[in-house]
Peer 1: 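This structure is in structure tokens; I'll ask about it shortly.
When reading the values below, keep in mind they use all heavy atoms of this one structure, side chains included, and skip hydrogens, waters and symmetry mates. Not measured: the values here are computed from a predicted model. Naming: A, B, ... by sequence-line order, numbering from 1 per chain.
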Number of protein chains: 2
Amino acid sequence: MDKKTVTIKDIARMLGISKSTVSRALSGRSDIHPETKQKIMALASELHYEPNALAINLKQQKTNTIGVIIPETMNRFFAHAVGGIQKVSDMAGVNVMICQSNESYISEKNNLHSLVSSRVDGLIVSISRETDRTDHFKPIIDRGIPMVFFDRICQDIDASQVYTDNYEIAFEGTEHLILQGYRRIAFVAGPQHLFNSRNRLQGYVDALKKHNLPVRESYIVHSHYRSDKVEEYTRYLMQLPQRPDAVFAINDYAAIEMMHIMKKSGLKIPDDIAFLGFNNESMCRFVEPPLSSIDHPAHDMGAAAAEILITQIRHQNLKPENRIIKSKLVIRESTGAKQVL
Amino acid sequence: MDKKTVTIKDIARMLGISKSTVSRALSGRSDIHPETKQKIMALASELHYEPNALAINLKQQKTNTIGVIIPETMNRFFAHAVGGIQKVSDMAGVNVMICQSNESYISEKNNLHSLVSSRVDGLIVSISRETDRTDHFKPIIDRGIPMVFFDRICQDIDASQVYTDNYEIAFEGTEHLILQGYRRIAFVAGPQHLFNSRNRLQGYVDALKKHNLPVRESYIVHSHYRSDKVEEYTRYLMQLPQRPDAVFAINDYAAIEMMHIMKKSGLKIPDDIAFLGFNNESMCRFVEPPLSSIDHPAHDMGAAAAEILITQIRHQNLKPENRIIKSKLVIRESTGAKQVL
DNA sequence: ACCGTTCCCGGGAACGGTCCCGTGAAAATA
DNA sequence: TATTTTCACGGGACCGTTCCCGGGAACGGT
């Protein structure tokens with residue numbers, strides 16, 4: 001019934017010894033008589049002693065904790081990336097603090113300050129869709145705090161980056177649609193200040209060019225990653241004079257919802273129109289028809305980011321590393337060959 | 001290029017004043033000359049001073065942070081619950097540290113100690129599927145640290161609880177199937193040491209009894225929440241001499257995968273067999289046919305848990321509160337009326 | 001008997017803040 | 001002018017640890 005939390009000093013007092021000795025016993029250092037250690041350990045566990053991490057971290061000048069800032073925890077891609085981060089961190093015995101920016105620049109900045117204030121040993125960041133500058137990261141990197149960006153990276157900054165071969169895979173996906181016989185391929189793009197989105201769009205454009213297909217502005221939809229706009233731009237695409245016969249969407253959610261709307265309007269998939277998504281969410285397998293998608297290695301990216309960060313924390317002054325994780329095109333029925341009329 | 005992090009003492013030295021004064025300026029207290037304050041603030045922002053949260057929290061004996069332990073961040077239910085927690089916490093200006101137990105008792109215990117060591121002001125917990133005892137929570141509650149359990153709650157402990165009306169909604173769901181004409185209703189149950197799972201199963205059983213239907217053990221599958229067993233028990237149910245004509249599954253993932261397997265085997269849904277899930281995941285709308293489900297108010301539960309916890313932190317010694325959040329049956333085509341032969 | 005080691009342990013500064021208390025000067029009041 | 005009040009700031013203990021340093025006891029070797 002003692003509301004007071006027990007400290008090392010309490011244990012010392014109760015045992016009539018100094019706090020130095022207690023500290024030695026609890027932190028498993030040498031220079032301690034086995035019997036004394038035994039007594040200390042026994043009392044500590046009896047009193048449910050919990051070391052004060054704040055005091056330890058303050059004294060040690062490190063927290064054994066890494067900070068993670070992602071746009072959204074509810075987004076499956078980031079949830080899986082966090083899974084990868086956690087897995088690697090757990091094995092290395094480091095703690096993880098997760099913050100979400102809710103796709104807001106202000107929140108991202110607040111999270112950043114909060115984590116730095118908590119003296120995390122390093123940071124893993126995937127920037128928000130609003131973030132179009134990097135001045136908030138600069139002073140932190142200058143301070144020597146290791147930092148790794150992943151997926152939504154920041155090119156113009158001197159830090160490690162983990163990302164996928166967006167250009168190549170977008171090219172490959174588009175080419176797949178072309179080879180299946182589709183010619184009027186629409187593209188649902190992400191925010192163009194993001195490195196990823198730009199690269200994906202470029203991959204799409206270049207694949208069209210390679211096959212001498214026209215690049216029509218009207219076929220490129222700017223979704224800004226907003227799920228509440230899907231219906232709007234789906235209707236837009238459907239009522240174009242030359243309706244697209246394929247859609248390459250920035251993520252599976254958009255693709256699935258578009259597919260659903262078009263199906264209800266009587267279009268046959270993949271005969272009338274094909275769909276290709278991004279992320280390879282588990283539900284791709286279960287929708288009708290199963291959705292082809294780009295397998296975006298979220299878990300591996302998170303794991304890679306954590307690996308790089310932890311080695312950078314352990315070995316000072318390593319130079320930034322860029323690591324590219326390969327994506328994979330997963331073909332299902334939604335991009336089955338176009339019906340030849 | 002100064003690797004050293006700047007402290008309050010550095011600022012004091014550079015300005016030729018005492019650290020007390022600097023502290024007063026930065027923490028926005030009174031008793032400070034405006035001009036002095038101005039100078040301090042200017043230098044602080046120039047040097048990118050970041051207060052050391054460890055030192056502050058150590059001195060203040062509180063961290064303004066709550067700890068959250070959930071089984072899995074990748075699980076959409078918990079991801080949404082965390083969303084609710086974050087929302088309420090953000091508005092109240094408190095930080096959130098999230099840990100996942102990976103459905104393991106050991107990890108849960110480690111997370112708990114880690115958070116208590118970090119001196120969180122309170123805890124929100126949803127226990128792992130392995131956790132069948134509560135002795136690790138007791139000493140923490142005795143210490144006076146506020147704690148709120150949600151969804152996967154711990155009945156035999158003197159702490160606040162937030163959960164849904166599992167019994168009632170399972171009853172209602174089962175009754176819905178019966179009223180639609182289904183008679184041989186299988187149930188995919190969760191681990192029976194969990195309060196929720198027991199209540200849901202009981203609701204199912206009582207609904208059958210109310211309508212004078214037999215409760216057959218062979219129709220009750222124990223999934224232990226393991227997604228890798230779905231195919232196995234689906235096959236089991238399909239080859240029963242009296243194949244079920246409806247399945248009430250513990251979650252949507254299981255329901256959707258079962259539906260997929262049965263469809264491939266040529267069964268018609270909902271004519272041959274109906275499906276009812278749990279959680280109302282977004283993909284329920286997009287599968288074929290759309291899956292009826294129980295809308296489990298994840299976000300609201302998280303928000304409620306955070307609300308209760310924060311008021312308990314702010315006002316000492318409140319008595320534990322139990323809050324029940326209502327679930328809702330969402331009817332779609334997968335439980336359309338049974339074909340009358 | 002003396003000295004060097006080894007083994008345990010205690011004292012106390014330090015980590016970076018907060019906050020109580022004290023104090024000198026200026027301002028207000030008598 | 002003398003006294004009180006206000007204002008602005010400094011000194012220093014404290015939060016709970018770690019860790020360096022120093023020292024006494026026991027012990028072995030000469």
Side-chain angles (χ1 to χ4, degrees), chain A residues 2-41 43-44 47-65 113-114 116-121 143, chain B residues 2-41 43-44 47-65 113-114 116-121 143:
Chain A
D2 65 317
K3 291 289 189 178
K4 184 80 170 52
T5 58
V6 33
T7 73
I8 226 172
K9 211 189 295 179
D10 298 326
I11 297 180
R13 192 169 24 74
M14 294 173 75
L15 254 43
I17 56 180
S18 80
K19 62 194 168 82
S20 307
T21 306
V22 179
S23 168
R24 261 189 291 262
L26 293 172
S27 52
R29 230 170 300 281
S30 55
D31 253 28
I32 176 101
H33 193 87
E35 196 180 328
T36 314
K37 181 169 179 175
Q38 185 54 38
K39 255 189 276 187
I40 294 171
M41 300 300 268
L43 185 57
L47 298 178
H48 295 111
Y49 167 76
E50 299 270 4
N52 187 322
L54 298 169
I56 296 173
N57 293 338
L58 175 62
K59 176 64 184 162
Q60 313 264 13
Q61 295 287 71
K62 59 172 183 161
T63 54
N64 204 33
T65 299
H113 285 111
S114 163
V116 171
S117 262
S118 300
R119 295 296 187 266
V120 291
D121 296 338
R143 222 188 271 293
Chain B
D2 66 315
K3 292 289 186 179
K4 184 79 171 49
T5 58
V6 33
T7 73
I8 225 172
K9 212 188 295 180
D10 298 325
I11 297 179
R13 192 169 23 75
M14 294 173 76
L15 253 43
I17 55 180
S18 80
K19 64 193 170 86
S20 308
T21 307
V22 179
S23 169
R24 263 189 291 260
L26 293 172
S27 52
R29 231 170 300 280
S30 56
D31 254 27
I32 177 102
H33 193 85
E35 196 180 327
T36 314
K37 180 169 180 175
Q38 185 54 38
K39 255 189 276 188
I40 293 171
M41 299 300 268
L43 185 57
L47 298 178
H48 296 111
Y49 167 76
E50 299 271 2
N52 187 323
L54 298 170
I56 296 173
N57 293 337
L58 175 61
K59 175 64 185 167
Q60 314 264 13
Q61 295 287 70
K62 58 174 183 158
T63 54
N64 204 32
T65 299
H113 285 112
S114 163
V116 171
S117 262
S118 299
R119 296 296 187 266
V120 291
D121 296 338
R143 221 188 271 294

Peer 1: Output yes when a side-chain donor or acceptor of B:Thr7 lies under 3.5 Å from a complementary backbone atom of B:Lys9, and no otherwise.
Peer 2: yes

Peer 1: Working to the nearest 0.5 angstrom, can you tell me the gap between A:Leu26 CG and A:Ile56 CD1?
Peer 2: 9.0 Å

Peer 1: For D:dC9, take OP1 and OP2 only and decide whether either is under 4.0 Å from a side-chain N or O of B:Lys19.
Peer 2: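 No, outside the criterion.
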
Peer 1: Picking from D:dC9, C:dG10, C:dT18, which would you name as closest to the side chain of B:Ser23?
Peer 2: C:dT18

Peer 1: Tell me: CG of A:Asn57 to C1' of C:dC15, nearest whole Å?
Peer 2: 11 Å

Peer 1: Between B:Thr21 and B:Arg119, just flag the one whose closest nucleotide in DNA chain D comes earlier from the 5' side.
Peer 2: B:Thr21

Peer 1: Donor-acceptor pair under 3.5 Å: do we get one between A:Lys59's side chain and the base of D:dT17?
Peer 2: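 Not at all, since no donor on one side and acceptor on the other fall under 3.5 Å apart.
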
Peer 1: Establish whether the base of D:dG10 is bridged to the side chain of B:Arg24 by a donor-acceptor pair shorter than 3.5 Å.
Peer 2: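 Donor-acceptor pair under 3.5 Å: yes.
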
Peer 1: Can you check side-chain contact (heavy atoms from CB on, under 4.5 Å) on A:Val6 and B:Arg143, steps first, answer last?
Peer 2: CA-CA 10 Å; A:Val6 33; B:Arg143 221 188 271 294; 3.7 Å; yes

Peer 1: Which base sits across from C:dA14 as a Watson-Crick or G-U pair, both distances under 3.5 Å?
Peer 2: D:dT17

Peer 1: Taking atom C1' of D:dG10 as reference, at what distance in whole Å does atom CG of B:Leu15 sit?
Peer 2: 15 Å

Peer 1: Go through B:Asn52 and A:Leu58 one step at a time and tell me if the side-chain contact (heavy atoms from CB on, under 4.5 Å) criterion holds.
Peer 2: CA-CA 9 Å; B:Asn52 187 323; A:Leu58 175 62; 3.9 Å; yes

Peer 1: Over how many whole Å does the gap from A:Ile56 atom CD1 to D:dC15 atom P extend?
Peer 2: 17 Å

Peer 1: Counting only side-chain heavy atoms from C-beta out, which of C:dC19, D:dT17, C:dC9 sits nearest to B:Ser20?
Peer 2: C:dC19

Peer 1: Is A:Ile17 touching bases, backbone alone, or none of the nucleic acid, heavy atoms closer than 4.0 Å?
Peer 2: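 The answer is sugar-phosphate, as A:Ile17 gets under 4.0 Å only of primed atoms, P, OP1 or OP2.
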
Peer 1: Could you pick out which residue, A:Leu58 or B:Val22, lies toward the 5' side of DNA chain D when each is mapped onto its nearest nucleotide?
Peer 2: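 Per heavy-atom nearest nucleotide, the more 5' residue is B:Val22.
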
Peer 1: For the side chain of B:Ile8, starting at C-beta, report the closest nucleotide among D:dA8, C:dC8, C:dG17.
Peer 2: C:dG17

Peer 1: What pair of heavy atoms forms the shortest contact from A:Glu50 to B:Val116, and how long is it?
Peer 2: CG-CG1, 3.8 Å

Peer 1: When you measure from the side chain of A:Ser117 to the backbone N and O of B:Ala53, does any donor-acceptor pair fall under 3.5 Å?
Peer 2: no

Peer 1: D:dT18, D:dA8, C:dT18: which one has an atom nearest the side-chain heavy atoms of A:Ser27?
Peer 2: D:dT18

Peer 1: May I ask you to verify whether the side chain of A:Ser18 and the base of C:dG11 hold a donor-acceptor pair under 3.5 Å?
Peer 2: no

Peer 1: What is the distance from NZ of B:Lys9 to C1' of C:dT18, rounded to the nearest Å?
Peer 2: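 Value for this atom pair: 14 Å.
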
Peer 1: What's the NZ-P distance between B:Lys62 and C:dG17, to the nearest Å?
Peer 2: 18 Å

Peer 1: Please confirm whether the shortest side-chain N or O distance from A:Gln61 to OP1 or OP2 of C:dG16 is below 4.0 Å.
Peer 2: yes

Peer 1: If D:dT30 has a Watson-Crick or G-U wobble mate with both distances under 3.5 Å, name it; if not, just say none.
Peer 2: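 Per the H-bond distance test, C:dA1.
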
Peer 1: Both B:Leu54 and B:Asp31 contact DNA chain C. Which one's nearest nucleotide lies toward the 5' end?
Peer 2: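 The answer here is B:Leu54.
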
Peer 1: Which sits closer to the 5' end of DNA chain C, B:Leu26 or A:Ala55, going by the nucleotide each is nearest to?
Peer 2: A:Ala55

Peer 1: With a 4.0 Å cut-off on heavy atoms, is B:Asn52 in touch with a base, just the backbone sugar-phosphate, or nothing at all?
Peer 2: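 Contact class for B:Asn52: sugar-phosphate only.
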
Peer 1: Starting at atom NZ of B:Lys37, determine the distance to atom C1' of D:dC7, rounded to an integer number of angstrom.
Peer 2: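 The distance from NZ of B:Lys37 to C1' of D:dC7 comes to 15 Å, rounded to the nearest Å.
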
Peer 1: Take atom CD1 of B:Ile32 and atom C1' of D:dG10, then tell me their distance rounded to the nearest Å.
Peer 2: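 For the pair B:Ile32 CD1 and D:dG10 C1', the rounded distance is 12 Å.
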
Peer 1: Working note: B:Tyr49 + B:Ile8, criterion side-chain contact (heavy atoms from CB on, under 4.5 Å); need CA distance, chi angles, decisive distance, verdict.
Peer 2: CA-CA 8 Å; B:Tyr49 167 76; B:Ile8 225 172; 4.2 Å; yes

Peer 1: Ignoring hydrogens and angles, are the base of C:dG17 and the side chain of B:Thr7 linked by a donor-acceptor pair under 3.5 Å?
Peer 2: no

Peer 1: What is the separation between atom NE2 on B:His33 and atom P on D:dT6, rounded to the nearest whole Å?
Peer 2: 19 Å

Peer 1: For D:dG16, does OP1 or OP2 lie under 4.0 Å from any side-chain N or O of A:Tyr49?
Peer 2: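 Negative; the distance criterion is not met.
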
